[in-house]
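Note that this is a predicted model, so its numbers are computed, not measured. Only heavy atoms go into these numbers, but all of them, side chains included; no hydrogens, no water, no symmetry mates.
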Amino acid sequence: MEFAVESSLKTMKSGEGVRRNQTLICAPLMSDTVDQMVDLMLKAKSKGADIVEIRLDHLKIFNPYTDIEKLIKVCPLPTLFTYRPIWEGGQYDGDEKSRFETLQLAMELGADHIDIELKAAHEFNDFLHGNKPGKCKVIVSSHNYDSTPPVEDLGNLVASIQAAGADIVKFATAALDITDVARVFQIAVHSQVPIIAMVMGERGLMSRVLCPKFGGYLTFGTLEAGKVSAPGQPTIEELVNLYNFRLLEPDTKVFGVLGNPVSHSKSPKLYNEAFKSVGFNGVYLHLLVDDVPKFFATYSSMDFSGFSVTIPHKEAALACCDEVDPVAKSIGAVNCVIRRPDGKLVGCNTDYVGAISAIEDGLLGLHNGSMGNSSPLAGKLFVVIGAGGAGKALAYGAKEKGARIAIANRTYDRARELADLVGGQALSLAELDSFCPEKGMILANTTSIGMHPKVNETPVSKEALANYMLVFDAVYTPKITRLLREAAESGAKIVPGVDMFIGQAYEQYERFTGFPAPKDQFKKIMEN
Ligand code: NAP
């Protein structure tokens with residue numbers, strides 16, 4: 001392949017137990033009672049955490065002397081004790097003296113780490129009078145729930161945390177944009193002391209997953225989805241099994257899917273499982289992006305090697321590319337962007353390949369595979385719903401195969417524009433139900449109508465579906481949408497979006513890695 005990344009293929013042993021970095025996974029434990037906390041510790045160990053953060057401020061009934069001793073004694077993992085006050089986002093609302101006494105007690109009883117907030121650190125140091133048990137590491141932390149400051153301010157923050165006697169520096173900021181994370185990486189990678197640097201919120205996910213690459217001391221992984229101690233924390237399961245956290249290294253190449261929304265995307269599962277199985281040193285992330293040009297301008301190093309692009313960024317991404325392949329240029333949208341070794345961004349469109357071949361296969365099934373050399377799409381009336389990236393790809397691809405094209409779109413002007421481009425007819429969405437110039441048409445939905453969670457929506461009435469011999473839906477969550485279910489009930493052949501997804505993913509995988517896609521594995525993953 002043109003963009004082969006031979007050097008990235010390492011002999012990584014797949015399977016449990018392989019670990020290529022020292023970054024710890026810390027499970028934040030929050031419960032009302034000490035007994036529940038003990039249960040959570042055991043669960044954390046079984047899920048694969050390396051350390052637990054015991055959030056004392058969440059305990060409703062708490063006797064420091066007996067409970068801390070018990071918690072340390074029974075904990076199967078190293079401990080971090082945190083007694084977070086309300087003024088720093090926690091639940092403790094008592095006086096500082098009692099809080100300091102409790103943290104001091106935890107240190108004396110054998111805690112491996114304690115966390116003290118920067119705002120209280122000097123007072124706490126005075127309280128300790130230098131009597132700090134040697135074994136216990138002090139994490140001095142700062143939390144900013146509003147924003148991520150400029151890099152100079154973050155540098156000054158780290159210096160003040162170090163000056164406050166931190167063995168380990170911790171700061172957490174809020175991500176207003178995914179590019180905020182780059183400033184935090186810049187600080188983490190240059191830190192002379194162990195550092196925990198997190199960017200909260202879905203836009204900050206990269207900071208939590210990539211910390212082994214950028215030298216982080218630990219990341220937080222929750223026991224269950226949604227049970228977080230700060231916004232945006234992934235589960236331990238996601239870190240270990242979805243993002244292959246244990247295998248990440250400083251030279252791991254970063255890939256991902258740019259979209260908004262994007263958390264539903266199955267692509268990270270597909271690519272990361274494949275990377276792991278063949279020993280490719282890469283990681284593929286969900287990238288919640290608001291501003292595409294800003295994203296590419298910020299993440300411009302060779303570490304950020306390739307991207308899938310999804311709704312609504314395919315057209316904006318094309319404008320950011322230094323080179324665009326001719327097919328993508330005609331479609332006006334890219335769904336795949338590769339950073340070449342010379343740093344240039346090259347865009348292409350793999351959407352139509354998977355969809356068109358899946359539709360052709362479906363039609364061949366109807367014709368018992370006997371169409372000679374010509375495409376079974378030739379001469380058919382192909383109705384595309386939608387005029388965005390996927391709509392353009394399908395219309396262009398079907399046109400290439402000799403189909404006649406009609407485009408129906410919510411925004412009629414966009415339907416008109418695309419129809420003019422491919423020499424077809426334009427319709428409004430409202431006209432679709434009564435549109436029947438002939439029987440035996442092909443219908444392709446390329447809008448997000450019917451996508452999870454709005455699974456009861458459909459772009460066209462069931463009655464109108466009787467006019468179609470084959471119906472394709474680009475939506476793949478759920479696999480069988482209402483549109484496909486009703487089409488099958490009306491007697492049409494149906495082609496699910498997952499077939500398009502797998503087809504475009506084969507192409508992208510080969511461009512990302514330079515190696516052939518493990519096709520059977522892709523199919524198996526998507527079936528599951
Ligand atoms: P896009 O470029 O943003 O285009 C979205 C299209 O959907 C536009 O035509 C838009 O109409 C229409 N639309 C959006 N919401 C609508 C609504 N509520 N009612 C009516 N029309 C609506 O997005 P895209 O990249 O083409 O993706 C579109 C869909 O295809 C997504 O669901 C995506 O997940 C799916 N897809 C699947 C695969 C696969 O492999 N299976 C690959 C690519 C895309 P307006 O012009 O009026 O805004």
Side-chain angles (χ1 to χ4, degrees), residues 175-182 199 201-210 231-232 234 238 242-243 254-272 282-299 304-321 328 331-339 345 347-352 354-355 386-394 445-455 473-478 481 497-498 500-505 507-509 511-512 526:
L176 304 182
D177 189 272
I178 192 167
T179 55
D180 292 341
V181 181
V199 191
E202 194 186 340
R203 290 169 175 77
L205 177 74
M206 263 206 289
S207 71
R208 299 186 180 279
V209 177
L210 295 183
E238 286 166 343
L242 175 59
Y243 298 118
V254 181
F255 302 85
V257 51
L258 273 68
N260 190 352
V262 77
S263 61
H264 66 281
S265 172
K266 301 271 188 285
S267 296
K269 185 170 172 53
L270 198 66
Y271 291 100
N272 287 327
V283 61
Y284 187 104
L285 302 168
H286 293 97
L287 302 169
L288 179 58
V289 172
D290 301 284
D291 182 333
V292 178
K294 192 170 165 188
F295 175 87
F296 282 120
T298 305
Y299 296 105
F304 293 86
S305 308
F307 307 95
S308 311
V309 185
T310 187
I311 200 168
H313 294 322
K314 293 181 187 181
E315 288 156 38
L318 183 143
C320 297
C321 292
I331 293 169
V334 297
N335 73 331
C336 178
V337 176
I338 310 289
R339 192 179 308 283
L345 291 176
C348 60
N349 195 309
T350 66
D351 270 344
Y352 77 106
K392 283 179 179 162
L394 266 288
N445 174 44
T446 70
T447 72
S448 49
I449 300 172
M451 184 164 96
H452 181 82
K454 297 182 179 167
V455 295
D473 198 340
V475 172
Y476 62 91
T477 48
T481 56
V498 75
M500 172 180 183
F501 180 78
I502 293 178
Q504 57 83 28
E507 291 275 320
Q508 292 201 19
Y509 181 93
R511 285 166 201 257
F512 289 157
M526 292 312 291

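- Residue P478 comes nearest to V455 through the heavy atom pair CD-CG1, 3.7 Å, listed as atom of the first residue, atom of the second, then distance.
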**Message:** Before you tell me yes or no, could you show the steps for F296 and C321 under side chain to side chain contact (heavy atoms under 4.5 Å, CB included), namely the whole-Å CA-CA distance, both residues' side-chain angles and the distance that decides it to 0.1 Å?
**Reply:** CA-CA 9 Å; F296 282 120; C321 292; over 6 Å; no
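- Annotation: side chain to side chain contact (heavy atoms under 4.5 Å, CB included) contacts of I311 (sequence neighbours excluded): S448.
- Remark: the backbone N or O of G306 is not paired with any side-chain donor or acceptor of Q508 at under 3.5 angstrom.
- Annotation: the span from L394 atom CG to I331 atom CD1 amounts to 9.0 Å, rounded to 0.5 Å.
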**Message:** Go through it in stages, so that I can follow the logic: the residues are N349 and K392, the test is side chain to side chain contact (heavy atoms under 4.5 Å, CB included), and I'd like the CA-CA distance, side-chain angles, deciding distance and then a yes or no.
**Reply:** CA-CA 10 Å; N349 195 309; K392 283 179 179 162; over 6 Å; no
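- Across all non-hydrogen atoms, the minimal contact from V334 to A328 is CG1-CB, 3.9 Å.
- Judged as a side chain to side chain donor-acceptor pair (under 3.5 Å), and not counting sequence neighbours, the contacts of Y284 are S308.
- With sequence neighbours left out, D351 forms a salt bridge (charged side-chain N to carboxylate O under 4.0 Å, His left out) with K314.
- Distance check, rounded to the nearest 0.5 Å: CD of E507 to SG of C336 gives 9.0 Å.
- When the side chain to side chain contact (heavy atoms under 4.5 Å, CB included) test is applied to P293, the partners found at least two apart in sequence or on another chain are D291, C320.
- The side chain to side chain donor-acceptor pair (under 3.5 Å) test applied to T179 returns D177, not counting sequence neighbours.
- Aromatic rings from Y271 and F255 are positioned such that their centres are separated by 6.0 Å or more.
- Remark: the backbone N or O of S265 is paired with a side-chain donor or acceptor of H286 at under 3.5 angstrom.
- In this view, T447 and N445 satisfy the side chain to side chain donor-acceptor pair (under 3.5 Å) rule, not counting sequence neighbours.
- Closest of all the heavy-atom pairs between M500 and A390 is CE-CB, 4.4 Å.
- The minimum heavy-atom distance linking G391 with T446 is given by the pair CA-OG1, 3.2 Å.
- Taking the ring-ring contact (aromatic ring centres under 6.0 Å, His included) definition, one finds that Y299 meets it with F295, F304, sequence neighbours left out.
- For the pair F307/R339, a side-chain contact is recorded, criterion being any heavy-atom separation below 4.5 Å from C-beta on.
- Within the structure, side chain to side chain donor-acceptor pair (under 3.5 Å) contacts touching residues 201-210 (residues at least two apart or in different chains) are R203-D290.
- Within 6.0 Å of NE2 in H264 there are more than 12 heavy atoms belonging to other residues, nucleotides or ligands.
- A search for side chain to side chain donor-acceptor pair (under 3.5 Å) contacts involving N272 returns nothing, not counting sequence neighbours.
- Under the side chain to side chain contact (heavy atoms under 4.5 Å, CB included) criterion, A387 pairs with I407, N409, R414, L418, not counting sequence neighbours.
- Under the 4.5 Å side-chain criterion, counting only non-hydrogen atoms from C-beta, P268 is not in contact with L285.
- Taking each heavy atom of L205 and G232 in turn, the nearest pair found is CD1-O, 4.3 Å.
- Residue pairs meeting the salt bridge (charged side-chain N to carboxylate O under 4.0 Å, His left out) criterion with at least one partner in residues 258-268, sequence neighbours excluded, are absent.
- Across all non-hydrogen atoms, the minimal contact from G389 to A333 is CA-CB, 3.8 Å.
- Taken from OH in Y509 to CD1 in I502, the straight-line distance is 15.0 Å, to the nearest 0.5 Å.
- In this structure, T481 OG1 and K454 NZ are separated by 15.5 Å, a value rounded to the nearest 0.5 Å.
- Side-chain N or O atoms of H313 include one that pairs as donor or acceptor with a backbone N or O of V289 at under 3.5 Å.
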